[in-house]
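One structure is given here, and the rest of the page talks about it.
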2 protein chains.
Amino acid sequence: MSTTESPERRGASPGPERSGKANLVDVARLARVSPATASRVLAGRSKGKAASHDRVLAAAEELGYVVNGLARSMMGVGRRSVAFVSAVMVGPTFATMAAAAEQVVTEDGHLFMLCTTHGDTERERALIESLAEQRVGTVLLVGSASTAEQDEQRVASYADSLGRVGAQLILCGRPPVAHRPDIANIDYDHTGGVRSAVEHLLGLGHRRIAYVGMTAGMSTEEQRFRGYRAGLDGGAIEIDEALLVPTENDPDAAATAIAAFLPEHPDVTAFVCHTDHIAIGAGRSLRAAGLSVPEHVSVIGFDDTPLVADLTPALTTVHAPFREVGDLAGRIAIGEPFGGSVVLPVEFIVRGSTGPAPR
Amino acid sequence: MSTTESPERRGASPGPERSGKANLVDVARLARVSPATASRVLAGRSKGKAASHDRVLAAAEELGYVVNGLARSMMGVGRRSVAFVSAVMVGPTFATMAAAAEQVVTEDGHLFMLCTTHGDTERERALIESLAEQRVGTVLLVGSASTAEQDEQRVASYADSLGRVGAQLILCGRPPVAHRPDIANIDYDHTGGVRSAVEHLLGLGHRRIAYVGMTAGMSTEEQRFRGYRAGLDGGAIEIDEALLVPTENDPDAAATAIAAFLPEHPDVTAFVCHTDHIAIGAGRSLRAAGLSVPEHVSVIGFDDTPLVADLTPALTTVHAPFREVGDLAGRIAIGEPFGGSVVLPVEFIVRGSTGPAPR
DNA sequence: TTGTATGCGTTATCAA
DNA sequence: TTGATAACGCATACAA
């Protein structure tokens with residue numbers, strides 16, 4: 001008898017259940033075979049011919065045996081897991097990306113888990129550490145990144161920690177880490193998207209174009225704002241600092257910011273917004289101020305969030321390839337070879353919230 | 001020497017990495033202490049006085065040691081995990097619930113994972129099985145459930161499987177399983193919400209009120225449709241089968257269904273929709289048909305999805321307590337005692353899409 | 001405080 | 001095909 005015979009010894013534990021009611025040895029004993037044989041049968045590594053085969057299956061059924069995946073994993077077999085790590089869970093932007101990645105990953109038989117950091121660096125660090133401890137297969141680190149140098153080093157250290165346990169790190173929707181071409185990276189063209197928006201407005205005769213949203217600190221902010229500058233440059237228009245409306249990425253905050261901005265700048269005819277969320281807040285403020293879109297002012301968002309096509313007027317925006325990013329990330333996670341870094345194109349979508357500049 | 005000395009033996013594995021580069025024994029050896037001592041120091045179960053303490057820490061640092069959480073879990077210590085299982089990931093309804101649960105669970109030091117079934121029963125079964133194998137602590141099964149009897153038995157079998165590995169099952173946003181009061185259950189008042197909607201319309205003078213969405217097959221559908229019937233009953237209005245507009249829960253499908261329905265029923269003045277998504281599709285169709293909301297027809301949704309307050313007109317809807325459900329589920333998952341079954345109230349929110357019935 | 005020995009549940013190896 | 005035995009990496013009871 002290789003193990004103790006009293007099941008009562010198993011008490012309540014603080015962590016995961018130490019064991020199920022029945023283990024492999026119990027099953028083997030009931031089936032009058034060795035644990036090795038039971039293992040083979042249960043894992044389908046047996047021809048299924050012998051009578052013992054059926055006895056094992058019956059015993060497992062009778063005992064309600066559930067294989068311990070933790071023990072299996074310790075032997076280096078079993079399913080790998082992929083973790084999707086982002087700042088927030090709510091919101092259709094990341095959800096679309098996560099859904100696409102999940103589709104690919106689970107179809108290949110792996111476990112997909114979604115974790116959030118709430119924008120808290122320490123929480124992010126602790127989470128990655130936990131995932132490494134749990135021997136995660138791949139971590140998808142998603143969304144805007146702080147552009148501070150120490151943050152870049154922190155991400156590099158994630159890659160190292162994960163690498164030590166044989167896991168890979170894939171950066172999604174954020175720029176690559178400098179001097180670390182080994183860290184896989186999938187981003188999309190934030191700058192080009194906003195630049196297209198500005199060019200569209202210039203073509204419609206707009207000259208006083210405001211930018212709504214943060215312009216520095218996070219990678220997404222800086223990349224998109226760069227598109228605004230590039231667009232203006234292309235039109236030979238000098239940037240006017242007074243036309244920058246900083247606001248958090250939230251409709252209410254944006255509405256407040258625009259409401260304060262409007263009285264001072266009656267000559268502005270267009271608002272390029274950092275996100276759809278901000279554009280929605282802007283739209284609210286504009287309407288409240290008696291300005292109609294797009295007759296008096298034009299508004300452009302970014303992301304192409306599902307419902308924005310149903311707003312009145314429908315929002316002109318930049319469609320971000322969330323689905324494509326998630327899909328590609330999922331494929332890399334399950335082993336598809338990948339060059340290291342890629343920037344996916346975005347699509348500028350003209351709807352009803354933009355029109356000719358009023359004279 | 002208790003373990004083999006050649007690290008090279010560790011090859012590539014199909015499953016999770018069999019081990020990190022360094023294990024506890026390696027650290028202990030470098031620090032010239034026993035594995036037991038190293039374990040104590042690393043787990044913070046040591047006073048931290050002796051010189052060996054520092055040597056262990058230094059050795060762990062030098063080797064890039066990452067504790068194997070799988071092995072820890074096998075000992076019955078370590079963090080528990082909570083899995084949120086729903087049909088879909090995209091969409092702000094479940095995302096809100098998931099975010100609330102995640103908040104509570106991770107704050108208590110546990111791992112939170114989100115998994116989706118894509119509405120596929122077999123996938124759901126396999127997923128729950130996987131989670132049981134991984135010794136998950138709690139499974140939150142979320143969203144509408146098939147009302148077929150075999151499906152109810154299937155859910156009961158989940159509870160049994162999970163129970164065998166010491167995990168608990170919590171049903172969220174779906175009705176309890178008959179004769180299984182041991183399965184925790186958190187639902188909200190679908191029926192009452194729709195009933196309020198109908199009563200509101202009756203009060204505004206509407207008499208020909210259509211119901212848009214499925215009416216049977218899934219629990220949410222049946223519960224909400226029951227509210228429609230109850231509301232009509234209360235107003236002493238007989239139900240007219242011709243006013244039922246079946247459609248999938250999707251704006252495009254709903255728009256198509258309504259477009260086909262309208263010409264035949266010009267006398268209908270109000271549409272009660274199974275979800276906001278459907279209401280949005282209905283709105284599109286109505287507008288396309290030259291009908292204005294709420295002057296000609298009234299529309300009511302269900303869920304109170306974030307953006308619907310920004311539509312024109314803002315959507316009258318039933319606010320579902322997603323946050324509260326998620327929060328409560330999270331608290332139960334981390335050990336808060338719970339009676340077994342609860343139905344949370346909803347809130348009927350009147351906005352711009354409903355008005356007096358035209359004469 | 002530290003070390004020794006053992007168990008956790010599984011799979012792999014190798015001999016029968 | 002089957003079985004005994006040895007890993008896997010960690011924690012802990014017990015002895016020193």
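Just so it is clear: chains get the letters A, B, ... in the order the sequence lines come, proteins before strands, and each one is counted from 1.
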Item to check | salt bridge (charged side-chain N to carboxylate O under 4.0 Å, His left out) partners of residues 55-69 of chain B, not counting sequence neighbours, each pair once | outcome: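 Checked against salt bridge (charged side-chain N to carboxylate O under 4.0 Å, His left out) - neighbours excluded - no pair reaches residues 55-69 of chain B.
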Between atom [atom1] in [X] and atom [atom2] in [N], what is the gap in whole Å?
X: B:R135; N: C:dC8; atom1: CZ; atom2: P; value: 14 Å
X: A:Q134; N: D:dC8; atom1: CD; atom2: P; value: 20 Å
X: A:L70; N: D:dC10; atom1: CG; atom2: C1'; value: 12 Å
X: A:E133; N: D:dC10; atom1: CD; atom2: C1'; value: 12 Å
X: B:N23; N: D:dC8; atom1: CG; atom2: P; value: 8 Å
X: B:R29; N: C:dG3; atom1: CZ; atom2: P; value: 14 Å
X: A:M75; N: C:dT10; atom1: CE; atom2: C1'; value: 6 Å
X: B:R45; N: C:dT1; atom1: CZ; atom2: C1'; value: 14 Å

Checklist entry - For DNA chain C, whose closest nucleotide is more 5', that of B:A71 or that of B:R32? => result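 The answer here is B:R32.
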Next on the checklist: Check this for me, if you would: do A:D108 and A:R80 make a salt bridge, where the nitrogen-to-carboxylate-oxygen distance has to be below 4.0 angstrom?
Outcome noted: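 Here A:D108 does not pair with A:R80 in a salt bridge, since their nearest N and O are not under 4.0 Å apart.
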For [X], what residues pass the side-chain hydrogen bond (donor to acceptor under 3.5 Å, both in side chains) criterion, not counting sequence neighbours?
X: A:D120; value: none
X: B:Q168; value: B:T138
X: A:R125; value: A:E122

Looking only at side-chain N and O atoms, does [X] come under 4.0 Å of OP1 or OP2 in [N]?
X: B:S39; N: D:dC10; result: no
X: A:R72; N: C:dT11; result: yes
X: B:T37; N: C:dT2; result: no

Checklist entry - Does the salt bridge (charged side-chain N to carboxylate O under 4.0 Å, His left out) test come out yes or no for B:R164 and B:D160, once each step is laid out? => result CA-CA 6 Å; B:R164 274 195 289 271; B:D160 296 336; 5.9 Å; no
Next on the checklist: Angle between the two end axes of the helix from C:dT1-D:dA16 to C:dA16-D:dT1, five base pairs per end, rounded to 10 degrees?
Outcome noted: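 Axis angle across the helix from C:dT1-D:dA16 to C:dA16-D:dT1, nearest 10°: 40°.
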Are [X] and [Y] side-chain neighbours, meaning at least one heavy-atom pair lies under 4.5 Å?
X: B:R154; Y: B:Q150; answer: no
X: A:Y158; Y: A:E124; answer: yes
X: B:T106; Y: A:L127; answer: no

Next on the checklist: Using the side-chain heavy atoms of B:S52, tell me which of these nucleotides is nearest: C:dT2, D:dC10, C:dT10.
Outcome noted: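 Looking only at heavy atoms from C-beta outward on B:S52, the closest nucleotide is C:dT2.
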Next on the checklist: Can you tell me which nucleotide in D:dG3, D:dA11, C:dC8 comes closest to the side chain of B:M74?
Outcome noted: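 It is C:dC8.
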Checklist entry - When you check the side-chain N and O atoms of B:R79 and A:S130, is any donor under 3.5 Å from an acceptor? => result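 A:S130 and B:R79 do have a side-chain donor-acceptor pair below 3.5 Å.
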Between the protein and nucleotides 13-16 of chain C, list every N/O to N/O distance that falls short of 3.5 Å.
none

Next on the checklist: Counting the atoms with a prime plus P, OP1 and OP2 as sugar-phosphate, which does B:L24 contact under 4.0 Å by heavy atoms, base, sugar-phosphate, or nothing?
Outcome noted: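 The residue B:L24 makes sugar-phosphate contact but no base contact.
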